[in-house]
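Following: one structure in structure tokens, then a few remarks.
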Amino acid sequence: MAETPTAEQTAKILAMLAEMQCEMDPDDIEMEDGGYELDDVYCADGQYDIDLDAALNVTNKRKE
């Protein structure tokens with residue numbers, strides 16, 4: 001089972017996504033390989049899966 005981020009980590013991720021004009025269900029955030037995997041992120045230009053490193057930098061963004 002995948003690890004889930006703390007409430008503080010989740011709040012930081014959602015705030016970062018809001019700056020990118022994106023939103024998602026916080027239940028779709030998983031911790032993976034020292035970073036985060038975000039599934040079904042809805043942005044102004046479409047739906048994405050986004051990978052973040054531990055410092056919340058986008059390392060991969062795939063359009064669905």
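Values reported hereafter were calculated over all heavy atoms of this structure, with side chains retained and with hydrogens, waters and symmetry mates removed.
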Leu56 versus Met16, closest heavy-atom pair with distance: O-SD, 3.3 Å
Closest approach of Ala54 to Gly34 (non-hydrogen atoms, all atoms of both residues): CB-O, 3.2 Å
Spacing of [atom1] belonging to [X] relative to [atom2] belonging to [Y], to within rounding of 0.5 Å:
| X | Y | atom1 | atom2 | result |
| --- | --- | --- | --- | --- |
| Tyr36 | Thr4 | OH | OG1 | 10.5 Å |
| Lys63 | Asp45 | NZ | CG | 5.0 Å |
| Thr59 | Glu37 | OG1 | CD | 10.0 Å |
| Ile29 | Gln9 | CD1 | CD | 9.5 Å |
| Cys43 | Lys61 | SG | NZ | 5.0 Å |

ILVMFWY cluster, Val58 and Met31 together (side-chain gap under 4.5 Å): yes
Path from Met20 to Leu14 over hydrophobic side-chain contacts below 4.5 Å: yes
pair Ile50-Met24: side-chain heavy atoms closer than 4.5 Å: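 No; the side chains remain at least 4.5 Å from each other.
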Val41 vs Asp49 side-chain heavy atoms within contact, under 4.5 Å: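 They are not in side-chain contact.
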Would one find more than 12 heavy atoms of other residues, nucleotides or ligands at under 6.0 Å from atom [atom1] of [X]?
| X | atom1 | answer |
| --- | --- | --- |
| Glu23 | CD | no |
| Lys12 | NZ | no |
| Glu64 | CD | yes |

Test log, rule side chain to side chain contact (heavy atoms under 4.5 Å, CB included), inputs Leu17 and Leu38: CA-CA 10 Å; Leu17 289 175; Leu38 315 180; 4.1 Å; yes
